[in-house]
2 protein chains.
Amino acid sequence: MKFGEHIKQLREQNHLLQRQLANALDMDTAMLSKIERGERRAKKEHIPLLASLLHANERELFTIWLADQIYEIIKEESNPSEILQVVEKEIKIAKPYNL
Amino acid sequence: MKFGEHIKQLREQNHLLQRQLANALDMDTAMLSKIERGERRAKKEHIPLLASLLHANERELFTIWLADQIYEIIKEESNPSEILQVVEKEIKIAKPYNL
DNA sequence: TATTGACTTGTCAAATTTTGTCTAATATAT
DNA sequence: ATATATTAGACAAAATTTGACAAGTCAATA
């Protein structure tokens, strides 16, 4: 689930309108609408508040937020999994003993 | 292997100086130096020429170039593999029959 | 030690991208 | 028609990236 869709789903589960959530996040509804549709990216600083307001796990939300950014990079590529494998390999080199 | 290190290694294997490669890429050596050390990112358009000049596989080089960008996003995170897994899952949703 | 060559570092403005806001447009229900 | 919710488009401000330059380090060697 992409970040924006996830936010939208949580927002609806919590019976909040874009107007209400946007207000709590100090942005206008146009902005939140764009975030939900993936047209714009939420700021990192928004995540704790989003998690709190939407009764979601902050760490999980942050993970999805990061994953979404990565997805944006490779979604058009023909070999996305191969690319991710190269990244995984690099991680293992950098953290050889899983410290 | 990070993109810059990879380029440097290939450059040395091909007995080229930064000056020479930089010139062929129409940039100054300072720029190439930064690219090799990962301080700056090569442009996508540079990759075909790099592959050609360094006798490397263009597609592979491009994969490493993309992987490097992703690595930059998650390298500081405590759960990089988990994040990549979320991305992998999203890919499978988008391309369910491996088209 | 002075010079040369290879590479690195720091700084800066220009160029590009991202961001937030505003206004207007849709859509749906009353 | 009116009201409410959401989306779309346009725009400047803000932030980031980029490329270029000058000056720096370092090693080899004359």
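In what follows, chains carry the letters A, B, and so on, assigned in the order in which the sequence lines appear, proteins first and then strands, with residues in each chain numbered from 1.
For the pair A:H46 NE2 and C:dT19 C1', the interatomic distance rounds to 11 Å; values are reported in whole Å. Note: CG (B:N23) to C1' (C:dC7) measures 16 Å, nearest angstrom. Regarding B:L16, its CG atom lies at a distance of 18 Å from the P atom of C:dG5, rounded to whole Å. Between the CD atom of B:E12 and the C1' atom of C:dC7 there is a distance of 11 Å, given to the nearest Å. Distance B:M27 CE to D:dT17 P: 17 Å, rounded to the nearest Å. Across the protein-nucleic acid pair, B:R41 atom CZ and D:dT16 atom P stand 14 Å apart, rounded to whole Å. We find that CD1 of A:I7 is positioned 14 Å from P of D:dT6, with the value rounded to whole Å. Atom pair B:E72:CD and D:dT17:P shows a separation of 11 Å (rounding to whole Å applied).
Taking 4.5 Å as the limit, some side-chain heavy atom of A:R11 sits within range of a side-chain heavy atom of A:E36. In this structure, B:L84 and A:Q85 have side chains that are not in contact, with every pair of non-hydrogen atoms separated by 4.5 Å or more.
Between B:K2 and B:E72, no side-chain nitrogen of the basic residue sits less than 4.0 Å from a carboxylate oxygen of the acidic one, so the salt-bridge criterion is not met. Comment: B:K75 does not engage A:E90 in a salt bridge, judged by the lack of any side-chain N to carboxylate O separation of less than 4.0 angstrom.
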Can you pull every protein N or O that's under 3.5 Å from an N or O on nucleotides 7-12 of chain D?
| unit_1 | atom_1 | unit_2 | atom_2 | d |
| --- | --- | --- | --- | --- |
| D:dT7 | OP2 | A:Q18 | NE2 | 2.6 |
| D:dT7 | OP2 | A:S33 | OG | 2.7 |
| D:dT7 | O5' | A:S33 | OG | 3.3 |
| D:dA8 | OP2 | A:R37 | NH1 | 2.3 |
| D:dG9 | O6 | A:K34 | NZ | 2.9 |

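Residues forming a side chain to side chain contact (heavy atoms under 4.5 Å, CB included) with A:E39 (at least two apart in sequence, or on another chain): A:K34, A:R37.
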- [ ] Show the numbers, then the answer: is there a side chain to side chain contact (heavy atoms under 4.5 Å, CB included) between B:N57 and B:L61?
- [x] CA-CA 6 Å; B:N57 182 274; B:L61 206 52; over 6 Å; no

